[in-house]
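Everything on this sheet refers to the single structure shown next.
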Amino acid sequence: GLDSPGGRGHAGGMEPTKESLWGGPVQTTIATFGRVDLLANIAGVVALDGPDTIVGLTEERWDHVVGVDLKGVWMGMRAVIPHMISGGGGRICNVASMAALRGLPNLAAYSAAKGGVAALTRQAAIEYAADNVLVNAVAPGTIDTPILAGVQPADLAAFAASHAVNRLGRPDEVAAMMV
């Protein structure tokens, strides 16, 4: 159950912006475990192939970042919430970002999308609390993941210095918060 420690799970990666692709993982989860209890929406991209500023960003890069980072979260919740409701409830954790809370240089589309994730999470929390579907978000700082592969070392150092712990975060730290 939702309140029991331990248990089994299924993790997988996919293109989160295509509604037709959500059915397979959801049905696999139901076939394997009998229900959908949890969803962690963690997909995220940034526009590193050029400026991610209000004026410098292309429409194509805007659409890609907002599509993955915001639309993907909506698609995931849309795919699992009906199953969670019919199963008596569930838990969803969406990954926003500190970029949702304050502007960061060269992250216009990312900041906008993650701000949207924060707002969408609040909306879903209100809409589905009565159905025992609890929706929360985490808003980590810069985490040392492959998304940073194209970031210059000086920028990485600046990101690290902006954190109270004076280093980049680790994926396992975010995972622990989500669990």
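Basis for what follows: all heavy atoms, side chains included, without hydrogens, waters or symmetry-related copies.
The nearest pair of heavy atoms linking M84 to D37 is CE-O, 3.6 Å. In terms of heavy-atom proximity, N41 sits nearest to M77 at ND2-CG, 3.8 Å. Contact record, W62 with A112: CH2-CB, 3.7 Å, taken as the closest heavy-atom pair. In terms of heavy-atom proximity, G50 sits nearest to N106 at O-ND2, 4.3 Å. Taking each heavy atom of W22 and A79 in turn, the nearest pair found is CB-CB, 3.7 Å.
Residues passing the side chain to side chain contact (heavy atoms under 4.5 Å, CB included) test with V165 are H163, R167, sequence neighbours excluded. Applying the salt bridge (Lys or Arg N to Asp or Glu O under 4.0 Å) criterion to R170, with sequence neighbours excluded, gives D172, E173. For S162, the side chain to side chain contact (heavy atoms under 4.5 Å, CB included) test picks out M98, R102, with sequence neighbours left out. For S97, there are no side chain to side chain donor-acceptor pair (under 3.5 Å) partners at least two apart in sequence or on another chain. Scored by the side chain to side chain contact (heavy atoms under 4.5 Å, CB included) test, V45 finds H64, V65, V68, D69 as partners (sequence neighbours excluded).
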Only pairs under 3.5 Å count here: list side-chain donor-acceptor contacts from residues 136-158, not counting sequence neighbours, and write none if there are none.
unit_1: T145; atom_1: OG1; unit_2: I147; atom_2: N; d: 3.4

Can you list, pair by pair, the side-chain donor-acceptor contacts under 3.5 Å of residues 119-126, counting residues two or more places apart and other chains?
unit_1: T121; atom_1: OG1; unit_2: N94; atom_2: ND2; d: 2.9
unit_1: T121; atom_1: OG1; unit_2: V117; atom_2: O; d: 2.7
unit_1: Q123; atom_1: NE2; unit_2: E127; atom_2: OE2; d: 2.9

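Within the 3.5 Å criterion, the main-chain N or O of H83 finds a donor-acceptor partner in the side chain of S86. Using modelled atom types, one side-chain atom of K114 and one backbone atom of V95 make a donor-acceptor pair closer than 3.5 Å.
V135 and V174 are members of different hydrophobic clusters when ILVMFWY side chains are connected at heavy-atom separations under 4.5 Å. Put simply, W74 and L134 are part of two different groups of oily side chains (I, L, V, M, F, W, Y) that touch within less than 4.5 Å, one to the next. By the rule that hydrophobic residues join a cluster once side-chain heavy atoms approach within less than 4.5 Å of another member, V66 and L21 end up as members of one cluster. Under the 4.5 Å side-chain contact rule for hydrophobic residues, V73 and V26 share a cluster. Clustering ILVMFWY residues whenever any of their side-chain heavy atoms sit less than 4.5 angstrom apart, transitively, puts L39 in the very cluster that holds I85.
Under the salt bridge (Lys or Arg N to Asp or Glu O under 4.0 Å) criterion, the residue pairs touching residues 74-86 are E19-R78, with sequence neighbours excluded. Sorted by first then second residue, the salt bridge (Lys or Arg N to Asp or Glu O under 4.0 Å) pairs that include residues 55-65, not counting sequence neighbours, are D49-R61.
Residues L38 and I92 have side chains not in contact (no heavy-atom distance under 4.5 Å, counting atoms from C-beta outward). Counting heavy atoms from C-beta on, the side chains of M75 and P16 never come closer than 4.5 Å.
More than 12 heavy atoms of other residues, nucleotides or ligands lie within 6.0 Å of CD1 in I81, so this atom counts as buried by the packing criterion.
Interatomic distance, CG of L107 versus CG of D52, reported as 5.5 Å (0.5 Å rounding). Considering CD1 of I42 and SG of C93, their distance stands at 10.0 Å, rounded to 0.5 Å.
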